[in-house]
Q: 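The structure under discussion is supplied below as C-alpha cells; questions concerning it will follow.
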Amino acid sequence: QVQLVESGGGLVQDGGSLRLSCAGPRSAFSILDMGWYRQAPGKQRELVAHIARDWNTYYADSVKGRFTISRDNAKSTVYLQMNNLNPEDTAVYYCNAKQTLFRNDYSPGPYWGQGTQVTVSS
C-alpha cells in the first residue's frame, strides 16, 4: 500500500507563491513515479506536473515556467513550488504515485492523496 499526504495549500493573492508537499512511503519511494494533479470546480482533473523515478520531469503548458516539481527521496517527499499564481490555478491539488515499467508514462497511478485546496484571489 502507498499512502500519500499533501500539505501546503491555502489562500494566496494573485501573483503569490505556495509550496505543496506530498509525504509518501518511507520505503521504496525512489522507485515510484510521482505527479501533481488538480481539479477546479466544474472541471476535469488534470495533470499539472510529473517527476519520474529517474527525475525526468513534465509540466502542463499552463504551468510551465511557473511551477517546479522536485523530490527528496531521503525524505520520501515530493514538492510542487508554485510561483506567480493566478486565479486559474485555483483548484484542489492531489498527489499521485505509481509504479511503471515505462518511461515517459504520464498517466495517473492508483495511489492518491486526499488533496489540498489552493485558492488564488484576484
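Basis for what follows: all heavy atoms, side chains included, without hydrogens, waters or symmetry-related copies.
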Q: Any non-hydrogen side-chain atom of Ser62 less than 4.5 Å from a side-chain atom of Arg38?
A: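 Yes, at least one pair of side-chain atoms sits under 4.5 Å.
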Q: Sequence neighbours excluded, which residues qualify as side chain to side chain donor-acceptor pair (under 3.5 Å) partners of Gln114?
A: Glu6
Q: Run the side-chain contact (heavy atoms from CB on, under 4.5 Å) check on Asn73 and Trp55 step by step: do they pass?
A: CA-CA 11 Å; Asn73 288 342; Trp55 299 76; 3.8 Å; yes
Q: Can you confirm whether more than 12 heavy atoms, excluding those of Glu46, are under 6.0 Å from its CD atom?
A: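 Yes.
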Q: Where the side chain of Lys98 meets the backbone of Gly35, is there a donor-acceptor pair that is under 3.5 Å apart?
A: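 Judged by distance alone, no pair lies under 3.5 Å.
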Q: Are Met82 and Val12 packed together at the side-chain level, in the sense that at least one heavy-atom pair is separated by less than 4.5 angstrom?
A: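 Of all side-chain heavy-atom pairs linking Val12 with Met82, none is under 4.5 Å.
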Q: Checking side chain to side chain donor-acceptor pair (under 3.5 Å) for the pair Asp105/Thr100: CA distance, chi angles, key distance, verdict?
A: CA-CA 8 Å; Asp105 180 5; Thr100 180; 2.9 Å; yes
Q: Just wondering, do Gln99 and Val2 contact through their side chains at under 4.5 Å, heavy atoms?
A: no
Q: What donor-acceptor contacts under 3.5 angstrom involve side-chain atoms of residues 115-122, with partners at least two apart or in another chain?
A:
from	atom 1	to	atom 2	distance (Å)
Thr116	OG1	Gly9	N	3.2
Gln117	OE1	Thr119	OG1	3.3

Q: Ring pair (Phe, Tyr, Trp, His ring centres under 6.0 Å): which pairs involve residues 75-98, sequence neighbours left out?
A: none
Q: For residues 3-117, which residue pairs pass the disulfide bond (SG atoms under 2.5 Å apart) check, not counting sequence neighbours?
A: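 Checked against disulfide bond (SG atoms under 2.5 Å apart) - neighbours excluded - the pairs reaching residues 3-117 are Cys22-Cys95.
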Q: Report the distance from atom CZ of Arg66 to atom CD of Gln81, rounding to the nearest 0.5 Å.
A: 12.0 Å
Q: Tell me whether Tyr37 is reachable from Leu85 by hopping between hydrophobic residues (I, L, V, M, F, W, Y) whose side-chain heavy atoms are closer than 4.5 Å.
A: no
Q: To which residues is Val5 joined in a hydrophobic cluster, defined by side-chain heavy-atom contacts under 4.5 Å among Ile, Leu, Val, Met, Phe, Trp and Tyr, whether direct or through other members?
A: none
Q: Holding to side-chain contact (heavy atoms from CB on, under 4.5 Å), I want the full list of residues that pass it with Tyr58, two or more places apart in sequence or in another chain.
A: Leu47, His50, Tyr106
Q: Could you give the distance from CZ (Arg103) to CG (Asn56), rounded to the nearest 0.5 Å?
A: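 Answer for the CZ-CG pair, Arg103 versus Asn56, is 6.0 Å.
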Q: I want to check something: taking the side chain as every heavy atom from C-beta on, are Ser30 and Arg53 in contact at a cut-off of under 4.5 Å?
A: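 No, their side chains stay 4.5 Å or more apart.
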Q: When rounded to the nearest 0.5 angstrom, what is the spacing between CG in Asp33 and CD1 in Ile51?
A: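 These two atoms lie 9.5 Å from each other.
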Q: Should Phe67 and Leu20 count as side-chain neighbours, where that means a heavy-atom distance under 4.5 Å?
A: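 They are not in side-chain contact.
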Q: Given side chains that start at C-beta, do those of Asn96 and Trp112 come closer than 4.5 Å, heavy atoms only?
A: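 Asn96 vs Trp112: side chains touch.
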Q: To the closest 0.5 Å, what do you measure between CG (Leu18) and CG (Asn83)?
A: 9.5 Å
